[in-house]
Amino acid sequence: EKGTYPHYMLKEIDEQPLVMRKIIQAYQNEQEQLAVDSEIVEALKAADRLYIIACGTSYHAGLVGKQYLESLAKIPTEVHVASEFVYNMPLLSKNPLFIFISQSGETADSRAVLVKVKEMGYQALTITNVQGSTLSREADYTLLLHAGPEIAVASTKAYTAQVSVLAILAHAAAEALGMKTNLNLVHELGIIANAMEMLCDAKDEFEQIARDYLTTTRNCFFIGRAIDYYVGLEGALKLKEISYIQAEGFAGGELKHGTIALIEDGTPVMALATQEKVNLSIRGNVKEVAARGANPCIISMKGLESEDDRFVIPAVHELLTPLVSVVPLQLIAYYAALHRDCDVDKPRNLAKSVTVE
Ligand code: F6R
């Protein structure tokens, strides 16, 4: 039930700190470390390459997950959109392990890939919010999101749950492979939960950003580099699906190779700056678009901020920034849709779970 909330989407955005804490609880072992079943860790250890398969928002979580699996556990990882992979499969490695990410566990495009790779004799792990769902039943292993039912068509808390579970999985694999990660996930995810709470308490600021940038615009761009680029893709998807504003996410450095031609006077450009290694270069990209008339809105992180920034999120571990930087983008999309009189929870042409290919 949505209780006093006007929309499920807003309620589900607000539930994210609680979901973080539930995930910590659900994955904590006796030593108070976050862990996954040893058979799952063994399956990862045995694989020479991981193939993440998903659609939409879950695909965006997969892109972040690849960073985790490669940087923490050093396992080569590819991320594929299910509907493409099924007809256009890349050359596979010798010992692949497939990881399906699906909130509903019922997405037909993802299931088509699962059926195919099971026929080929490969193992699969499903990361899903729904115990007993088709993708969970048909895979060898399951990790649950513990996000509680997600009712709004636009996925919010499932995304942050997916990213967290992928971090836990990558960390567990790294430990099992004897790699030093220097990452205390219980501690860091606790910091994340507090930061999310602070962002959920700052709704007025995000409502004002939506008002200032998105009330009448036809389009909006999201830019970022490295992991911020992936979060930008998710921010753009959220905005377009519920507000019907044409929104696209781009890698900051790629703009000058074509997209910058679209920048006109007043074009809103949401820029994420949460990564130290690309802080200067993304700010350079913001200057490039501003010089051509864009209206940039920089969302940065404490410690990397500069005076032009519109909002500064609390500092969190550099790998885990998507868990917090996505929250402003979810809220900005929500208020943009609200201001434009859109049906936030049930956008046109969309269904919550897509059970046809
Ligand atoms: C976007 C959204 C969709 C889903 C996609 C996959 O807000 O909800 O893009 O992420 O349809 O759905 P699941 O995760 O259920 O497989």
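Counting starts at 1 for both ligands and their atoms, in listed order. The model shown is predicted, which means the values in this text are computed figures rather than measured ones.
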### Summary
Taking only non-hydrogen atoms of Ala154 and a 4.0 Å limit, the atoms of ligand 1 in range are 7 (O)
### Query
Looking only at distance, does Ser102 have an N or O less than 3.5 Å from an N or O of ligand 1?
yes
#### Entry: Atom indices of ligand 1, in the order listed, that fall short of 4.0 Å to a heavy atom of Val153
7 (O), 8 (O)
#### Entry: Which of the ligand 1 atoms, numbered from 1, are nearer than 4.0 Å to a heavy atom of Ser155
7 (O), 8 (O)
### Message
To check your reading of the model: name the closest protein heavy atom to atom 5 (C) of ligand 1, its residue, and the distance in Å.
### Response
Cys55 O, 3.6 Å
## Note on the structure
The closest protein heavy-atom partner of atom 14 (O) of ligand 1 is Ser58 OG, 2.5 Å
### Task
Indicate yes or no: does Glu197 engage Arg21 in a salt bridge with an N to O separation below 4.0 Å.
yes
### Message
If the threshold is 4.0 Å, N to carboxylate O, is there a salt bridge linking Asp14 and Lys157?
### Response
no
### Query
Any salt bridge between Lys74 and Glu70, counting N to O under 4.0 Å?
no
### Message
Quick check: closest heavy atoms across Glu234 and Ser155, and the distance to 0.1 Å?
### Response
OE2-O, 3.8 Å
### Query
Is any NZ, NE, NH1 or NH2 atom of the basic residue among Arg111 and Glu357 found under 4.0 Å from an Asp or Glu carboxylate oxygen of the other?
no
### Task
Would you mind checking which non-hydrogen protein atom is closest to atom 2 (C) of ligand 1, with the distance to 0.1 Å?
Thr57 OG1, 3.8 Å
### Message
So Phe222 and Leu239, do their side chains get closer than 4.5 Å, heavy atoms only?
### Response
yes
### Query
Is the shortest distance from a heavy atom of Lys238 to ligand 1 less than 4.0 Å?
yes
### Query
Between Gln330, Met9, Glu241, which one has a non-hydrogen atom sitting closest to atom 7 (O) of ligand 1?
Glu241
### Heavy-atom nearest neighbour in the protein, as seen from atom 15 (O) of ligand 1, with distance rounded to 0.1 Å
Ser104 OG, 2.7 Å
### Task
Return the residue, atom name and 0.1 Å-rounded distance of the protein heavy atom closest to atom 12 (O) of ligand 1.
Thr107 OG1, 3.5 Å
### Task
Could you tell me the residue and atom name of the protein heavy atom closest to atom 11 (O) of ligand 1, and the distance to it rounded to 0.1 Å?
Val354 CG2, 4.2 Å
### Query
Under 6.0 Å between the ring centres of Tyr229 and Phe250?
no
### Message
Can you tell me how far apart OG1 (Thr156) and CD (Gln16) are? Round to the nearest 0.5 Å.
### Response
5.0 Å
